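Quick one: structure below, then a few questions.
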Amino acid sequence: ERPLSAARAAALLRRAPGVRLIDDPGRGAYPLPIQAAGQDDVLVGRLRRDESVKRGLVLWVSGDNLRKGAATNAVQIAELLVGCGR
């Protein structure tokens, strides 16, 4: 709906629970699958404007799909559902 700069998106991602921003390509710091293995956090980096889409952003995401995608998400969804019944 409105433009979102890469800098603003990075600021939002830094505060997002379960997300770790690793975005300093000049120093060789960007998310790699090997870094994400065995942890719940999703690693995000290489955040930049997408030249092919109006108001679009491009980013690289790495995560341990078995750990986060299957197990942790199921637990987090169950916790939300139990919390809704209170």
Side-chain angles (χ1 to χ4, degrees):
E1 191 173 295
R2 292 178 295 174
L4 178 66
S5 71
R8 178 70 180 135
L12 292 169
L13 288 168
R14 278 188 195 95
R15 293 194 318 249
V19 175
R20 188 161 40 114
L21 186 65
I22 303 174
D23 196 15
D24 191 352
R27 293 186 358 182
Y30 42 86
L32 298 172
I34 192 76
Q35 295 169 313
Q39 64 175 303
D40 292 339
D41 283 352
V42 173
L43 311 180
V44 179
R46 299 302 311 252
L47 186 57
R48 59 200 179 280
R49 187 171 172 269
D50 185 345
E51 300 292 331
S52 69
V53 179
K54 186 177 179 180
R55 295 187 298 264
L57 295 173
V58 177
L59 51 104
W60 183 267
V61 178
S62 290
D64 187 326
N65 292 334
L66 291 177
R67 184 178 175 106
K68 175 63 178 173
T72 305
N73 278 355
V75 170
Q76 290 172 332
I77 291 167
E79 288 173 344
L80 285 172
L81 291 174
V82 169
C84 290
R86 291 181 188 179

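Keep in mind it's a predicted model, so treat the numbers as computed, not measured. For the single chain, residues carry numbers from 1 onward in sequence order.
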* Asked: Do Val42 and Leu59 sit in the same hydrophobic cluster, where Ile, Leu, Val, Met, Phe, Trp and Tyr count as joined when their side-chain heavy atoms come under 4.5 Å apart?
  -> yes
* **Point-to-point distance, once rounded to the nearest 0.5 Å, from NZ of Lys54 to CZ of Arg49** => 10.5 Å
* Short question: side chain of Asp50, backbone of Ser52 - any donor-acceptor pair under 3.5 Å? -> yes
* Structure fact -> Between Arg2 and Arg55, the two heavy atoms sitting closest are C-CD, 3.5 Å
* **Residue that, paired with Val19, satisfies side-chain contact (heavy atoms from CB on, under 4.5 Å) out of Asp41, Leu13, Val61, Leu12** => Leu13
* Rounded to the nearest 0.5 Å, how far apart are CG of Leu43 and CG of Asp64? -> 10.0 Å
Donor-acceptor pairs are to be reported for all side-chain atoms of residues 22-37 against protein atoms at under 3.5 Å, with residues two or more places apart or in another chain.
from	atom 1	to	atom 2	distance (Å)
Asp23	OD1	Arg46	N	2.9
Asp23	OD2	Leu47	N	3.3
Asp24	OD2	Arg27	NE	3.3
Gln35	OE1	Leu32	N	2.7

